[in-house]
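In what follows, chains carry the letters A, B, and so on, assigned in the order in which the sequence lines appear, proteins first and then strands, with residues in each chain numbered from 1.
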Protein chains: 2
Amino acid sequence: MAAPRFRRRKADRPAELTAAAMNEFAENGYDATPVEAVARRAGVSKGLLYLYFKTKEDLFKAVVRSFVMPRVERLVRAIDDTELGVADFLRGPFLEVARELPRSKARHLVRLLIAEGHKHPDLTRWYWENVVSRGLGALRRLIARGVASGELRPSALERYPQLLVSPVMLSVVWMLVMQPHAKLDTDGFIEAHVDLLLSALLAEESP
Amino acid sequence: MAAPRFRRRKADRPAELTAAAMNEFAENGYDATPVEAVARRAGVSKGLLYLYFKTKEDLFKAVVRSFVMPRVERLVRAIDDTELGVADFLRGPFLEVARELPRSKARHLVRLLIAEGHKHPDLTRWYWENVVSRGLGALRRLIARGVASGELRPSALERYPQLLVSPVMLSVVWMLVMQPHAKLDTDGFIEAHVDLLLSALLAEESP
DNA sequence: CCACTTGCTGACCGACCAGTCATCAATTAA
DNA sequence: TTAATTGATGACTGGTCGGTCAGCAAGTGG
């Protein structure tokens with residue numbers, strides 16, 4: 001009967017703690033979140049958290065890694081495995097992901113990286129190597145394929161795949177900062193950007 | 001002779017303090033900067049700072065206002081007073097400002113707004129009304145002029161003047177987060193974006 | 001049922017910091 | 001020269017928080 005005051009669950013704790021931390025950090029930011037709040041949210045004491053993570057910074061890194069990693073995998077694979085032409089892929093699956101990001105909880109991670117990144121160089125380096133670099137690399141391959149097949153004309157897009165991503169970045173920042181005061185239809189905005197880009201870059205419109 | 005231990009300089013203090021705060025906040029962020037560090041940098045005591053600013057947040061707001069206001073004025077006037085056609089303005093003065101921002105100290109203000117904005121709704125509201133809204137408004141007028149004169153064809157750019165700004169946003173964030181690990185030629189990137197946009201939107205290339 | 005291991009707790013410590021205030025000294029007016 | 005004013009100081013307070021650790025109790029093996 002007497003419910004035990006706690007239960008040993010060594011295996012699940014780390015994931016529970018990073019999940020709790022993700023939520024807490026997203027709501028209040030890194031500095032402003034006491035470690036104890038994370039522990040409380042995970043239904044656990046502060047001391048326990050320090051059994052699984054050496055420092056608060058350590059926890060932060062684990063949050064980023066665990067949240068971001070699977071999403072990147074999926075995206076890169078989607079780009080490399082697609083059977084679609086470039087235009088169809090951009091207007092289809094790419095647009096879908098691009099439109100979802102500014103709404104998703106992940107946008108708060110972007111805030112954290114911008115806000116705290118410069119204090120954690122090894123974290124941003126990891127982020128560069130595992131997220132940005134791989135994502136841009138996949139986009140670059142997609143574009144190269146389009147140029148090789150004659151679907152796209154050669155252009156600066158080959159050098160700057162960021163051209164595809166910049167409206168997503170702006171949308172994320174807009175949602176984080178301006179949204180309470182001024183709405184932006186990020187869906188329409190991002191789609192308009194892709195359309196304009198394609199209209200400048202499609203080699204030939206077939207009738 | 002004996003140099004006095006301090007001098008009364010009521011008039012200059014606020015500007016000196018906001019300047020010192022701008023630098024300190026840019027280097028370390030808002031939360032991580034003790035008020036005393038700002039005072040020390042301005043060569044005064046902490047107590048004095050509290051004679052001119054009621055709270056630390058108050059100081060923060062003053063920093064943003066004093067730093068941003070004059071620059072917005074200049075930009076909006078440049079757009080509204082130009083004699084140039086849209087394409088020439090975008091490839092000329094606009095490009096110049098757009099390329100400078102990611103390098104300038106102002107990029108750190110962007111970080112502060114992203115990092116701390118959600119905790120200071122009245123500040124972001126002020127920023128919307130005095131910076132973003134006015135800047136986008138001026139761009140919108142520029143575009144409308146171009147469409148009216150037949151230089152540009154009608155397009156989503158009229159609805160989303162943000163299309164012109166998004167690569168600047170991405171460049172700023174890149175400089176803040178990724179620059180130590182991976183260089184981006186933000187000049188070339190932003191110019192490429194403007195070129196692509198114009199090549200999609202110029203009504204007719206005259207020979 | 002007992003002894004042993006170990007996941008877990010929560011009180012505690014030291015450091016830091018926003019904001020206050022009693023006091024001082026540069027300046028100004030009398 | 002002196003008195004009144006006020007710009008400026010810096011020690012202090014109350015509170016917060018990251019990180020520690022001595023001990024407790026849930027599980028485990030005999």
How long is the span from the [atom1] atom in [X] to the [atom2] atom in [Y], to the nearest 0.5 Å?
X      : Y      : atom1 : atom2 : value
B/L139 : B/L164 : CG    : CG    : 5.5 Å
B/R13  : B/Y52  : CZ    : OH    : 6.5 Å
B/E191 : B/T186 : CD    : OG1   : 11.5 Å

May I have the distance from [X] (atom [atom1]) to [N] (atom [atom2]), rounded to whole angstrom?
X     : N      : atom1 : atom2 : answer
A/F25 : D/dC17 : CZ    : P     : 13 Å
A/F60 : D/dG19 : CZ    : P     : 14 Å
A/L59 : D/dG19 : CG    : C1'   : 13 Å
B/K10 : D/dT5  : NZ    : P     : 15 Å
B/L51 : D/dG10 : CG    : C1'   : 13 Å
A/R40 : C/dT9  : CZ    : P     : 13 Å
A/L48 : D/dG18 : CG    : P     : 16 Å

Any donor and acceptor pair, going by atom type alone, linking the side chain of A/E129 with main-chain N or O of A/W126 inside 3.5 Å?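 Between the backbone of A/W126 and the side chain of A/E129 there is no qualifying donor-acceptor contact (under 3.5 Å).
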B/H120 ring center within less than 6.0 Å of B/Y30 ring center: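 Close enough - the centres of the two rings lie under 6.0 Å apart.
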Using the rule salt bridge (charged side-chain N to carboxylate O under 4.0 Å, His left out), only one of B/R111, B/R41, B/K105 pairs with B/E27; which is it?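 Per the salt bridge (charged side-chain N to carboxylate O under 4.0 Å, His left out) rule, the option paired with B/E27 is B/R41, out of B/R111, B/R41, B/K105.
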Any side-chain N or O of A/Y52 below 4.0 angstrom from OP1/OP2 of C/dC8? yes
Can you check whether A/R13 has a side-chain N or O nearer than 4.0 Å to OP1 or OP2 of C/dC8? yes
Base, sugar-phosphate or nothing for A/F53? Non-hydrogen atoms, less than 4.0 Å.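 No contact.
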Which pairs would a plain distance check flag for residues 175-184 of chain B, meaning a side-chain donor or acceptor within less than 3.5 Å of a matching protein atom at least two apart in sequence or in another chain?
residue, atom, partner, partner atom, Å
B/H181, ND1, A/R125, NH1, 3.2
B/H181, NE2, A/P121, O, 3.3
B/H181, NE2, A/T124, OG1, 2.6
B/H181, NE2, A/R125, N, 3.1

Salt bridge check, B/R103 against B/D187: does any charged N sit closer than 4.0 Å to a carboxylate O?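 Yes, this pair counts.
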Nucleotides 24-28 of chain D: which of its N/O atoms have a protein N/O under 3.5 Å away?
residue, atom, partner, partner atom, Å
D/dA26, N3, A/R8, NE, 3.4
D/dA26, N3, A/R8, NH1, 3.3
D/dA26, N3, A/R8, NH2, 2.9

Measure across A/D80 and A/R141 and return the closest heavy-atom pair with its distance rounded to 0.1 Å.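 That closest heavy-atom pairing would be OD2-NH2, 2.7 Å.
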Base contacts versus sugar-phosphate-only contacts with protein, heavy atoms under 4.0 Å: please encode nucleotides 17-22 of chain C as B, S and - from 5' to 3'. SBBB--
